[in-house]
Structures are given as C-alpha cells and as structure tokens.
Asker: 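I'd like to ask some things about the structure below.
Treat the numbers as computed from the prediction; the structure is a model and nothing was measured. Basis for what follows: all heavy atoms, side chains included, without hydrogens, waters or symmetry-related copies.
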Amino acid sequence: MAAVTHLSEAPPDQAKERVVTIRCVGREFLTRLTMADIFLRRSSDVIAGGGAELVPLLHQDGLEMIFVTEHTEITVTELAP
C-alpha cells in the first residue's frame, strides 16, 4: 500500500518548492508549483483543442480528477514564502 505524503511532510528538496493555490470548479487546491504546471499544461491543451477531459491534479489532500472544458475558469495564486 502506497503512503500519502502531505506537503508539510515532503522530502527536503520538495519542501523548498514553491506552493500555489489553484482555484477551479468552485474549490481551492493547495499544490506544489511543479504539480500545478503539469495540470495547467494539460488543461491548456484540452482547452486549445476545444475538447473536454478529466485532468488529474495532485494536491495537498490527494488526487482530484478535474473536468476541464473551454468554459472552466482556472486561477493560480502563489503563496507568500
């Protein structure tokens, strides 16, 4: 069984990584910058292609599959250090 690592328990190299908040589908997700980048790149591809797809987002509390369409509003806010 795999263990879940929360941001506060991340290995030292990951602990230094910036943390951002992604707001979409009426919720807020706290995640590392690299995970936000992966989510945003895939979401951009889906939106650019005019499609609709479940896009994975790995965040502090686990994994969410976010349904992304051209109408999905996504905002990202960097947390202060």
Side-chain angles (χ1 to χ4, degrees):
M1 186 165 130
V4 175
T5 301
H6 293 281
L7 293 173
S8 61
E9 301 167 352
D13 58 325
Q14 292 178 356
K16 295 177 187 175
E17 187 174 1
R18 294 185 305 188
V19 176
V20 298
T21 299
I22 293 182
R23 290 180 185 87
C24 63
V25 297
R27 295 182 54 199
E28 291 187 355
F29 304 95
L30 188 65
T31 187
R32 294 190 320 261
L33 185 58
T34 53
M35 296 296 107
D37 185 53
I38 292 168
F39 173 76
L40 293 172
R41 279 188 279 134
R42 184 64 200 137
S43 295
S44 294
D45 290 346
V46 170
I47 292 167
E53 186 176 309
L54 287 171
V55 178
L57 172 60
L58 183 61
H59 59 95
Q60 179 180 13
D61 296 323
L63 177 68
E64 296 288 328
M65 299 298 289
I66 307 295
F67 187 64
V68 174
T69 71
E70 63 184 331
H71 302 289
T72 304
E73 292 185 29
I74 301 170
T75 60
V76 179
T77 305
E78 186 171 357
L79 300 181

Asker: Does the distance from a Lys or Arg side-chain N to an Asp or Glu carboxylate O, for R41 and D45, drop under 4.0 Å?
Answerer: no
Asker: Is the shortest heavy-atom distance from the side chain of T31 to the side chain of F39 under 4.5 Å?
Answerer: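 No - every pair of side-chain heavy atoms lies 4.5 Å or more apart.
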Asker: Which pair of non-hydrogen atoms, one from V20 and one from E78, has the smallest distance, and what is that distance?
Answerer: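 Smallest interatomic distance, heavy atoms only, reads CG1-CA, 3.9 Å.
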Asker: Atom NE2 in H71, atom CD1 in I47: separation rounded to 0.5 Å?
Answerer: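 Those atoms lie 10.0 Å apart.
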Asker: How about I66 and C24: do any of their side-chain heavy atoms sit closer than 4.5 Å?
Answerer: yes
Asker: Do side-chain atoms of T69 reach the backbone of A52 as a donor and acceptor pair under 3.5 angstrom?
Answerer: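 Side chain of T69 to backbone of A52, a donor-acceptor pair under 3.5 Å: no, none is there.
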Asker: Measure the CD1-CZ distance between I38 and R32 for me, rounded to the nearest 0.5 Å.
Answerer: 9.0 Å
Asker: If I compare all heavy atoms of M35 with all of L57, which pair ends up nearest, and what's the gap?
Answerer: O-CD1, 4.4 Å
Asker: Could you tell me the separation between the CG atom of L58 and the CZ atom of F29, rounded to the nearest 0.5 Å?
Answerer: 11.5 Å
Asker: Do I22 and H59 touch side chain to side chain, with heavy atoms closer than 4.5 Å?
Answerer: no
Asker: For residues R23 and T77, report the shortest heavy-atom separation together with the two atoms involved.
Answerer: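 Shortest heavy-atom separation between R23 and T77 comes out as NH1-OG1, 2.7 Å.
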Asker: Given the rule that I, L, V, M, F, W and Y join up when any side-chain heavy atoms are under 4.5 Å apart, are I74 and F67 in one cluster?
Answerer: no
Asker: Determine, using the 4.5 Å side-chain heavy-atom cutoff (strictly less than), whether V25 and L40 are members of one ILVMFWY cluster.
Answerer: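 In one cluster: yes.
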Asker: To the nearest 0.5 Å, tell me how far Q60 CD sits from L30 CG.
Answerer: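 If we round to the nearest 0.5 Å, Q60:CD and L30:CG are 4.5 Å apart.
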Asker: Hydrophobic cluster membership, with links at side-chain heavy-atom distances under 4.5 Å among I/L/V/M/F/W/Y: are V76 and V19 in one?
Answerer: no
